[in-house]
2 protein chains.
Amino acid sequence: MSVASPEETRSAPTLSAVAKLAGVSSITVSRVVRMPELVAPETRSRVEAAMRELGYVPNQLAVALARARTRSIGVLVPTIANSIFADTVQGLSDELEPLGYAVILAQSRYDAAREDHMLSVLLSRRPEAIIMVGSPATEEGARLLRRAGIPVAETWDLPATPIDAVAGFNNYEAGVAVARHFIEQGRKSLAFIGGDDPRATRRWNGFNDTAQALGAKAPRRLVLDRNASGSVAALAELPGVDAVFAANDAHAIGFMSGLRKAGFLRNGPAAEQPVALIGLGDLEMGRLIAPSLSTIRVNGEAIGRTAARLILARGGPRHIDLGFELVIRDSG
Amino acid sequence: MSVASPEETRSAPTLSAVAKLAGVSSITVSRVVRMPELVAPETRSRVEAAMRELGYVPNQLAVALARARTRSIGVLVPTIANSIFADTVQGLSDELEPLGYAVILAQSRYDAAREDHMLSVLLSRRPEAIIMVGSPATEEGARLLRRAGIPVAETWDLPATPIDAVAGFNNYEAGVAVARHFIEQGRKSLAFIGGDDPRATRRWNGFNDTAQALGAKAPRRLVLDRNASGSVAALAELPGVDAVFAANDAHAIGFMSGLRKAGFLRNGPAAEQPVALIGLGDLEMGRLIAPSLSTIRVNGEAIGRTAARLILARGGPRHIDLGFELVIRDSG
DNA sequence: AGGGCAAATGACAACGTTAACATTCGCAAT
DNA sequence: ATTGCGAATGTTAACGTTGTCATTTGCCCT
């Protein structure tokens, strides 16, 4: 039962509030929290009682300022919703939370200006490291990160000139693998659908280069609006195409639904598919639907975990290629 | 071009480093950042040059300590991956980031002890508010939140005794609506599949109570392992069942794939479905697959935005029911 | 010439904690 | 009886900002 005193300002109790109640100095309370074995058992339990009574929770801001260690890491993703990046955030946060790190999350929404802004917002909280999907879109962003003097992990790609650590896979080669597969299958008219962010563009480049090198006619590229994945439209704009590489599984499944509505889809083995379709990401959904979705499998969670380990690691390799795997199911 | 001085410790420049370079006191630099109009134009541009030269980014930790305003909010979700909660995080963060708030993200992994722990980890960073999915699982967690004396939003449900703000919908009524629909359709043998977290259980209760009240035999409840959404197994355990309510769309789609593999599935209008199936969440995938998935539509992003607005709001209503909508498509 | 005032700038304490030293106390060793 | 020492506790100055209250100018009035 607590009696409301006039000056009770309803703000979190401090070290010295606890100290006062326990009749010790604040440093003793601090020691009870951090190095209890240095405090006499009798004093310790008095302090612990006071902490419990007041509901004391240490102020990590003050701790961070005093020790110059914030125990937080900044995470920048294009978007957290509807997306393969959620797995990456889950992975890195599973790795980091047990170590006492807080995850500060920011979204760039695929916008370079917003990315720079969020980068400096993150940096202003003095995270001990930054993990981002992709690489800074602008030189300004890269400079910010370099000046910060903290570990930086770029993920989901293998940048040519990384800032620091890298945990990703070769998006260009993913495009190569898909094109090669289509050509080996005897497909003639290829197309690529997806966004135009840097990673999707790399996939396109690998796809396009390879298709042409192997003698197919120039593939078409259709840039989809980020929300329009239920793209019946895509089909309308791709007459005569017999093989499609979608930059991610969500686009692929949207396109598949367009195919179905247009009556182009029959269940069964790939050979019977009038339009072959391969996605990227290996969403669980892709395995469950019919026809099941062929895809470039990428382990988003492992990317997150690896990035987390890299920014914590003192030495060792700084660049890890997690690879990908072409998984052929019914759709292509 | 910068010459490396011996004592260059590679740590972020401070207000007084900038001040020294510009030949003013630190408070003047602070004013250039916060109230530039109080500083003489000539001084101001000198300071701005110094800031640019050093790449100065204000230390928000120190700001927060000095002003007792951290401009951060804590967000606690069961999990961010594979999940409807990502939309909520997206929504709230879109609302909060433009206002200068940082989002500190934590995951409870559906574990009560971990939830309490993450709650106090969040609180130790002194967020100005907490937004969580669901309600604290333990009395200890609730106490922590109440003592913190900051706005708290519980989401995705309508708790009987909320701590503070609420943005959710009535999970019990969702179960009621689905049961009623199945019974009206003439279904006889109902089942519920999904997790056993509090919200799923509320759905089950509404479903079960209503089915029995309307004269159906007692529905079966199958608690699924959180990862086992590709549950062919579920089907094996539900012989004779002709209508299934899945606690979320991911489970529903997994079950649908089980049905398909077992040869129980034909495309077409609901009346022909041997097993009716309704999910919850209205994942975009559900709309795209065949047969398209019937579902309880819930707007996760709106829940996030609303929660954000509620914790910022000075007055006004503290409890908002965002509702849900039964969307009947091909699967049921 | 003196007072008054506004514009520009600065000094200093505070925010809640920790690091680095200090102090006190009792007791064992000489 | 003094010294020395370790165990327990305390004091003080940081950490990088901001709020509050000076102080210094220059200039306009009368």
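First the proteins, then the strands, lettered A, B, ... as listed; each starts at 1.
Interface limits on DNA chain D: the 5'-most and 3'-most nucleotides within less than 4.0 Å of chain B heavy atoms are D/dG16 to D/dG19. Protein chain B touches strand DNA chain C; the 5'-most and 3'-most nucleotides with an atom under 4.0 angstrom of its non-hydrogen atoms are C/dA8 to C/dG16.
Where B/Arg31 and B/Ala62 meet DNA chain C, the nucleotide closest to each residue was compared, and B/Arg31 sits on the side nearer the 5' end. Residue order along DNA chain D, read from the 5' end via each residue's closest nucleotide, puts A/Thr28 first among B/Ile27 and A/Thr28. Take the nearest nucleotide of DNA chain C for B/Val24 and for A/Val57: the residue whose nucleotide is more 5' is B/Val24.
Side-chain atoms of B/Glu154 come within 3.5 Å of backbone N or O of B/Ile163 as a donor-acceptor pair.
Here A/Arg34 lies in heavy-atom contact (under 4.0 Å) with sugar-phosphate atoms only.
Heavy-atom distances under 4.0 Å link DNA chain D to A/Val39, A/Ala40, A/Thr43 of residues 38-54 of chain A, given in residue order.
Under the rule for a salt bridge (charged side-chain N to carboxylate O under 4.0 Å, His left out), the partners of B/Arg199 that lie at least two apart in sequence or sit in another chain are B/Asp197. The side chain to side chain donor-acceptor pair (under 3.5 Å) check on A/Glu37 picks up nothing, with sequence neighbours excluded. Listed by chain and residue number, A/Thr14, A/Ser26 satisfy the side chain to side chain contact (heavy atoms under 4.5 Å, CB included) test with A/Ser16 (two or more places apart in sequence, or in another chain). By the side chain to side chain donor-acceptor pair (under 3.5 Å) test, A/Arg114 pairs with B/Glu97, sequence neighbours left out. Take B/Glu95 and apply the side chain to side chain contact (heavy atoms under 4.5 Å, CB included) test, not counting sequence neighbours, and it matches B/Arg305, B/Ala308, B/Arg309. Judged as a side chain to side chain donor-acceptor pair (under 3.5 Å), and not counting sequence neighbours, A/Gln60 has no contacts. Applying the side chain to side chain donor-acceptor pair (under 3.5 Å) test to A/Asp116 and every residue at least two apart in sequence or in another chain returns A/Thr138.
Within the structure, no pair that satisfies the ring pair (Phe, Tyr, Trp, His ring centres under 6.0 Å) test touches residues 121-155 of chain B, not counting sequence neighbours. Annotation: ring pair (Phe, Tyr, Trp, His ring centres under 6.0 Å) contacts involving residues 63-95 of chain B, sequence neighbours excluded, comprise B/Phe85-B/Trp156.
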